[in-house]
Amino acid sequence: MSSDPPMPATFAASIAASLRSALANTPFAAEIPPGFTAQVDATQNRQFGDYQSNAAMILAKALKKNPREVAAAIVGAFAAEGLCEKPEIAGPGFINFRLTTSALTTRFGALLADEARLGVALTDTPKTIVLDFSAPNVAKPMHVGHIRSTILGDGLGRIAKFLGHRVISDNHIGDWGTQFGMILWGWKHLLDEAALEADPIPELLRVYREVNARTKEDESILEACKSELVALQGGDAGNLAIWERCVELSKSGLQKIYDLLEVSFDHWYGESYYNDRLAPLVDDLLASGIAEVSEGAVCVFFRDDEKLADKPAIIRKSDGGFLYATTDLATIDFRIQELGADAIWYVVGAPQQLHFEQIFTIAKRRGQDADFRHIAFGSILGKDRKMLKTRSGDTVQLADVLAESIERARAIIEEKNPELPEEEKAAIARVIGIGSVKYAELSQFRMTDYIFDWDTMLSLKGNTAPYLINAYVRTRAIFRKLGSGFGSSSGELVLTEEAEKELLLKLAQYAEIVPTILEDFRPNALAAYLYEVATTYHQFWEACPVLKVEGDIRHTRLALCELTGRVLRHGLGLLGIGTTERM
RNA sequence: GCAGCUGUAGCUCAACUGGAUAGAGCAUCUGACUACGGAUCAGAAGGUUUGGGGUUCGAAUCCCUACAGCUGCGCCA
């Protein structure tokens, strides 16, 4: 690894650098606004070259000059140095760049030699990021609502880690709070020990639902639940023992789903972890004048913020109890002081936006300047555009979704490739089933509500996990046919066909896409890119026979297959999705 | 009432954060082949980007406004 030459900058970065020196050599160099940075983007349409810049048009506005004249001056000063052909000026003043074949070929070699990073640079500014996601409630099974947080959070964590950040994932489970009043009462009055032994989660759910229904009919049961809660919070040994057992059972049930999803956490600091820190925190906020007593409760007001002016945050109830705002503030203290967080990212649904605005505002008032982000997302709807429910009207459980997805994937494999060995079929069904659910989530912009549809997510066509995994399988199939793996020393790289160059350009752009994903937390941009890689590969596949040609051309095409496979596998890996060798 | 998010082809979604002719997939129609995995590729058709104003060389994107859907708003989490 260390003996390899350093990976050169991306095409976009190299062209931008040349553009900057060109700007410094124009007649109007002295007049360019100090904050201006010339942007270079991949073109949407190859008729405009490979990369384009709108720098001339933006500068023309600032300098009050004609955009095409500005562009001409820039092009005149531009030294391509073998990277691209002489830039062209087009339309209102775009500057278009077309890469040279030799630049593409050089990059090709470098990418092949960089199996670990595929050209992706580490961040210049590594941070310690505490990533808060998934966070299910104890004693209730995870339902589809947790899919988005879990999958998005895991994917973002993988990407951040790959870019060189220190990521600490923390599953902030709801293991404390008012729901335990009901659970305790139900445990004492309704629990079926045998059923609990056999399969704890469904039994806990049954008890919870039963109590919930009863409290709505009978006020006295609600009261009884409240006193169970008070006893628990007061340290009652019996209730604490039940609570502990309940949390343990729930955690082991949750772990099974995380294992299936291949999601893991560095910590599970649940809400209960912060119990002892709440009272001192509120005292501190009162003492510092950030919080005040209002109508018997301790509140923080945001009178100077127009949006929050009439929306105070309550951090201690008039009966002395604490709320989740209190816990979240204590959690911030812990994460900054003891985990060393520079950034705290919360992958939590959009409805909690107000809550996080309040929490972040309070934290800033306390002088905590970490990079706080609420990574919000919309909801999952059924085909009827309403919240996803089972036929009986219950919330859909995540475990059931995953099981069904694997089953459906299995049926497809059975139909398409019945001769595969049983064991392999099962393994493939798992990768495709889980991958399809994850990809359906990650390939869409997180804020839009999305419609959960088996046929769409498991389709072999279009922007789906099965299509991408199939593209990967095809890159492997060719080496199976060849009877050996890729050997980098078995020839020279010679790019002759347009389809080859187009594919290579696409593959080189992996290094440009990946670092942008965290800018606005858009893993769907990575998904869209991978889909383009797959379609570009298929086009190459149609246009360029591999095993029917010989010599350097065959070597080059095999290298393209190999590199495509690596990018697809790695990119899907960043999304938390596996690949298989056959399917 | 106040606030936030969303609104793009018949359907499901994109659009690199202000760039060129708004792109894909389903569904529909037309082509290509002993095909290295056809689980493919090429092409056609499909749009007043919810309506209306504004900002500028240029707007799906920014501002104002109306409408529609979802969500939240002092003692749940």
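Naming: A, B, ... by sequence-line order, numbering from 1 per chain. Just the heavy atoms: all of them, side chains too, but no hydrogens, waters or symmetry mates, feed the values below. Since the structure is predicted, the reported quantities are computational estimates derived from the model, not experimental observations.
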message: Side chains of Glu512(A) and Tyr529(A): any donor to acceptor distance under 3.5 Å?
response: no
- request: Give a yes/no on whether any side-chain N or O of Gln39(A) is located under 4.0 angstrom from OP1 or OP2 of U17(B).
  value: yes
query: Pick the nucleotide of RNA chain B nearest each of Ile95(A) and Asn470(A); which residue has the one closer to the 5' end?
result: Ile95(A)
task: Side chain of Arg480(A) only, please: which of G37(B), G19(B), C76(B) is the nearest?
output: G37(B)
field: Integer angstrom distance from the P of C41(B) to that of G37(B)
entry: 16 Å
- request: Using atom CG of Leu59(A) as one end and atom P of G19(B) as the other, report the distance to the nearest whole Å.
  value: 16 Å
- prompt: Across the strands shown, which category fits Asp328(A) at heavy-atom distances under 4.0 angstrom: base, sugar-phosphate, nothing?
  reply: nothing
- prompt: For atom P, what is the distance between U61(B) and A22(B), given to the nearest Å?
  reply: 14 Å
message: As a test of reading the structure: which of A35(B), C13(B), A39(B) is closest to the side chain of Gln444(A), going by heavy atoms?
response: C13(B)
task: Sort out the partner of G18(B) for me: Watson-Crick or G-U wobble, both distances under 3.5 Å, none otherwise.
output: none
task: Can you tell me the pairing partner of G7(B) across any strand shown, Watson-Crick or G-U wobble, with both distances under 3.5 angstrom?
output: C67(B)
- prompt: Looking at U21(B), does its base get a donor-acceptor pair with the side chain of Gln44(A) below 3.5 Å?
  reply: no
- prompt: Can you tell me how far P in A15(B) sits from the matching atom in U55(B), rounded to whole Å?
  reply: 28 Å
message: Could you tell me how far apart Phe11(A) (CZ) and C16(B) (P) are, to the nearest whole angstrom?
response: 23 Å
message: Under a 3.5 Å cutoff, is there a donor and acceptor pairing between the side chains of Asp175(A) and Tyr273(A)?
response: no
- request: Check every strand shown and say whether Lys481(A) touches a base, only sugar-phosphate, or nothing at a heavy-atom separation below 4.0 Å.
  value: sugar-phosphate
- request: Determine the interatomic distance between C1' on A14(B) and the same-named atom on C26(B); round to the nearest Å.
  value: 15 Å
message: What is the distance, to the nearest angstrom, from the CG atom on Asp449(A) to the P atom on C70(B)?
response: 10 Å
- request: For Tyr531(A) and A24(B), say yes or no: do the ring centres fall under 5.5 Å of each other while the ring planes differ by less than 30°?
  value: no
message: Can you classify the ring geometry of Phe486(A) versus His555(A) as parallel (below 30°), tilted (30 to 60°) or perpendicular (above 60°)?
response: parallel
message: When you measure from the centre of the six-membered ring of Phe301(A), is the NZ or CZ of Arg303(A) closer than 6.0 Å and no more than 45° off the axis?
response: yes
query: When the distance from CZ of Phe356(A) to P of C5(B) is rounded to whole Å, what number comes out?
result: 16 Å
- request: Taking atom C1' in both G54(B) and C16(B), compute the distance separating them and give it to the nearest angstrom.
  value: 27 Å
Trp541(A) side-chain proximity, nearest of A20(B), G37(B), C76(B): G37(B)
- request: Using the C1' atom on both, measure A45(B) against C11(B) and round to a whole Å.
  value: 16 Å
- prompt: Out of Leu526(A), Leu442(A), Ile577(A), which one pairs with Leu572(A) under the side-chain contact (heavy atoms from CB on, under 4.5 Å) rule?
  reply: Ile577(A)
- request: Check the side chains of Tyr274(A) and His172(A) for a donor-acceptor pair under 3.5 angstrom, ignoring hydrogens and angles.
  value: no
query: Does U17(B) fall in syn (glycosidic angle within 90° of 0) or anti?
result: syn
